[in-house]
Amino acid sequence: MQSTAIKLDTLNPGVRNYISDLEKEANEYKIKYLELKERYDLLVYKKYARSAEELSNSGQQPLFAEEAEQTIQAEPETETQKIKSYTRKKPGRKPIDPNIPRVEEIIDIPESEKICACGAQMSKIGEETSEKVEIIPQSIFVVKTIRPKYACRCCEGTEDEEKPTVRIAPPPPVIIPRSIASASLLSYVMIQKYQDHLPFYRQEIQFQRIGIEISRQDMSNWQQQVYEKLLPLFNLMKKTVKSGPVIQMDETTVQVMGEEGRKDTQKSYMWLARGGPPEKTVVLYEYRKTRNAYHARDFLEGYKGYLQTDGYEGYDAAVRESPGIIHVGCFAHARRKFFEASKSTKTPQSAEEGIKHIRKLYELETALRNENLDENKFLQKRKELAEPILAAFRSWLEKRANELLPSALLGKAVAYTLKQWDKLIAYLESPYLTPDNNACENAIRPFVLGRKNWLFNKSPKGAESSCGMYSLIETAKQNGIEPLKYLRVLFEKTPIANSPEDWETLLPWNIFNS
């Protein structure tokens with residue numbers, strides 16, 4: 001049988017060029033197909049798999065694979081290894097917090113049954129106890145303030161013209177005058193929405209259930225009035241953010257209705273900055289219409305120190321115009337790109353190799369932090385031990401960069417990491433820096449969770465005041481203070497704050513000492 005293969009060099013140039021173009025086009029379609037398949041596989045993984053960025057044990061053999069059977073039949077000799085012992089948790093229900101008040105209920109047998117058949121009085125030899133949690137639904141009460149009035153029936157005040165005819169005690173200062181909202185009610189409403197993610201319309205229904213009418217519009221108005229009263233405090237918080245050695249920044253989308261010159265469907269942004277002295281951490285939210293770099297530049301005006309962010313190029317532009325700022329990257333974002341690449345390919349080992357390099361840096365960071373070294377010793381030891389890990393990682397990245405398609409997810413992960421390299425390794429220069437920006441991302445997460453419930457802000461003013469409430473709550477949490485307790489005391493003391501010194505005492509780390 002004769003071969004029907006055609007040699008290209010026997011064809012005329014026009015046909016050869018045509019075939020070459022077809023091969024090139026087929027290769028482009030193949031590359032495009034692989035790109036789309038990677039994206040599809042990643043979307044399927046994100047939709048149905050666990051969200052935690054954990055590596056699968058890709059080296060594990062299938063249960064019924066031929067290789068596994070062979071391994072069982074001819075198990076090689078292995079060295080014994082001593083395994084560290086561990087403490088097993090006691091099975092059963094966790095005990096109820098002993099600080100919760102107890103009400104004792106004694107269930108005893110009748111007196112007649114405490115007499116033995118022999119006629120003797122039976123003695124108590126012990127008891128059995130059990131505990132159940134009781135709950136009383138939320139209740140509400142009204143504090144009625146009574147201020148008696150006094151007047152003279154004899155002279156009707158004519159004998160003492162320097163004082164008013166009718167005398168009455170002044171009303172106590174409150175954060176919202178001529179309102180039914182007390183400090184406790186205001187703090188409860190704000191915590192319900194901005195910590196427990198319960199929109200005002202749902203709170204309105206809850207209040208109706210316990211017998212009081214408080215409309216969502218009332219709560220919205222209260223929020224705005226509280227925010228405006230606290231503007232001096234927010235300015236002080238912004239100043240405190242810039243007073244520390246490190247600022248971490250992030251941003252996320254928000255939908256705001258009624259923005260001038262913009263459609264209601266357009267996305268706006270919540271910017272977040274986390275910084276301040278290590279023992280006085282502030283988390284500050286700010287609403288802006290866009291994601292433009294000048295928002296970050298304006299916020300950072302006058303600041304000198306480290307700025308840690310993800311790879312958004314807007315921060316690069318802001319830093320270029322802000323001398324005195326050293327830009328630091330985030331290894332968590334680099335790791336995430338390798339993780340996504342590992343979940344969209346049939347051969348995830350290469351992407352997981354990149355993750356393993358990054359993991360070594362985190363393990364080193366954790367170990368050194370646990371040693372409680374002084375700052376200079378910590379910096380020296382971290383740099384000394386991290387440099388070999390980074391050198392090996394950089395060598396691996398450069399090797400893989402020459403082997404991968406730039407459009408593939410793994411190629412993009414490698415390119416991103418190499419592009420960010422100088423910023424990624426900058427964390428080695430300060431003991432206040434960590435390999436990632438996760439503390440800032442964790443602070444912005446409550447906003448993202450709340451957004452799923454209330455969906456949008458009805459006005460730019462509402463977006464601004466919601467930023468203020470989130471800032472107060474998250475700053476309290478960062479300083480180990482229960483937000484509900486902080487807001488209640490803050491709202492009680494705000495009416496008597498007049499000077500900068502007064503506002504200084506209302507910061508979370510000062511308020512319970514004043």
Side-chain angles (χ1 to χ4, degrees), residues 50 52 82-146 172 180-198 202-214 279 366 369-370 372 442 445-446 449-450 453 472-493 508-514:
R50 293 179 60 188
K82 187 177 181 180
I83 305 299
K84 187 184 293 185
S85 63
Y86 65 94
T87 303
R88 186 189 299 274
K89 289 184 178 180
K90 183 180 179 180
R93 185 176 60 238
K94 185 178 179 181
I96 302 170
D97 185 354
N99 294 320
I100 296 178
R102 261 65 172 176
V103 175
E104 292 188 352
E105 178 186 37
I106 299 176
I107 303 177
D108 204 351
I109 60 176
E111 292 296 327
S112 60
E113 292 188 20
K114 297 179 184 179
I115 305 297
C116 182
C118 69
Q121 180 75 28
M122 301 183 74
S123 302
K124 181 179 177 182
I125 60 172
E127 61 186 20
E128 290 187 8
T129 64
S130 63
E131 292 188 331
K132 296 185 183 297
V133 175
E134 296 281 347
I135 186 168
I136 300 174
Q138 292 173 349
S139 61
I140 194 167
F141 64 93
V142 176
V143 175
K144 184 176 182 179
T145 302
I146 301 172
I180 66 168
S182 64
S184 63
L185 177 58
L186 289 172
S187 57
Y188 175 80
V189 167
M190 300 308 154
I191 289 296
Q192 283 275 89
K193 180 171 182 180
Y194 295 108
Q195 186 174 4
D196 299 335
H197 320 302
L198 199 66
R202 293 184 188 171
Q203 293 192 55
E204 180 180 2
I205 296 171
Q206 283 190 342
F207 282 123
Q208 288 173 349
R209 235 180 358 243
I210 57 178
I212 191 167
E213 295 291 333
I214 301 178
E279 71 284 359
T366 301
R369 296 282 178 186
N370 290 337
N372 296 318
N442 290 338
R445 188 170 289 118
L449 292 173
N453 288 293
L472 294 173
I473 291 170
E474 293 307 312
T475 298
K477 288 161 63 176
Q478 291 285 323
N479 290 274
I481 297 171
E482 170 56 44
L484 179 62
K485 181 180 178 182
Y486 173 61
L487 290 191
R488 178 167 183 169
V489 177
L490 173 64
F491 296 161
E492 287 173 350
K493 294 187 175 184
W509 48 86
N510 293 330
I511 196 165
F512 297 108
N513 299 324
S514 58

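- Under the rule for a side chain to side chain donor-acceptor pair (under 3.5 Å), the partners of Q478 that lie at least two apart in sequence or sit in another chain are R274.
- Closest approach of I100 to I96, counting heavy atoms only: CD1-CG2, 4.0 Å.
- Under the 4.5 Å side-chain criterion, counting only non-hydrogen atoms from C-beta, E113 is not in contact with M122.
- In terms of modelled atom types and a separation under 3.5 Å, the side chain of K493 and the main chain of I511 share a donor-acceptor contact.
- Contact detail for A476 and P483: the closest heavy-atom pair is CB-CA, 4.2 Å.
- For the salt bridge (Lys or Arg N to Asp or Glu O under 4.0 Å) test, residues two or more places apart in sequence or in another chain that qualify with E111 are K114.
- Residues N453 and R202 are in side-chain contact: their nearest non-hydrogen atoms beyond the backbone lie under 4.5 Å apart.
- With sequence neighbours excluded, the residues that form a side chain to side chain contact (heavy atoms under 4.5 Å, CB included) with E492 are A183, R488.
- Considering only residues two or more places apart in sequence or on other chains, R369 meets the salt bridge (Lys or Arg N to Asp or Glu O under 4.0 Å) condition with E365.
- When all heavy atoms are compared, the tightest approach of E204 to I214 is CG-O, 3.4 Å.
- In this view, D196 satisfies the side chain to side chain donor-acceptor pair (under 3.5 Å) rule with no residue, not counting sequence neighbours.
- Looking only at side-chain heavy atoms (C-beta outward), L487 and M190 come within less than 4.5 Å of each other.
- Under the side chain to side chain contact (heavy atoms under 4.5 Å, CB included) criterion, N370 pairs with T366, not counting sequence neighbours.
- Counting heavy atoms from C-beta outward, L185 and F207 have side chains that approach closer than 4.5 Å.
- Residues meeting the side chain to side chain contact (heavy atoms under 4.5 Å, CB included) test with R445, sequence neighbours left out: N442, L449.
- Note: K477 NZ to I481 CD1 = 13.0 Å, rounded to the nearest 0.5 Å.
- Residues satisfying the side chain to side chain donor-acceptor pair (under 3.5 Å) criterion with Y194, sequence neighbours excluded, are Q223.
- Partners of L484 according to the side chain to side chain contact (heavy atoms under 4.5 Å, CB included) rule, which considers only residues two or more places apart in sequence or in another chain, are S187, I191, E482.
- K485 forms a cation-pi arrangement with F512, by the criterion of a distance under 6.0 Å to the ring centre and an angle within 45° of the ring axis.
- Every pair passing side-chain hydrogen bond (donor to acceptor under 3.5 Å, both in side chains) that includes a residue from residues 115-124 is listed here, sequence neighbours excluded: K124-E127.
- Residues satisfying the side chain to side chain donor-acceptor pair (under 3.5 Å) test with R102, not counting sequence neighbours, are E131.
- Note that the CG atom of L198 and the CD1 atom of I205 stand 9.0 Å from one another [nearest 0.5 Å].
- To the nearest 0.5 angstrom, I140 atom CD1 is 8.5 Å from Y188 atom OH.
- When all heavy atoms are compared, the tightest approach of V189 to Q203 is O-NE2, 3.2 Å.
- Between P446 and E474, the shortest heavy-atom contact is CG-OE2, 3.4 Å.
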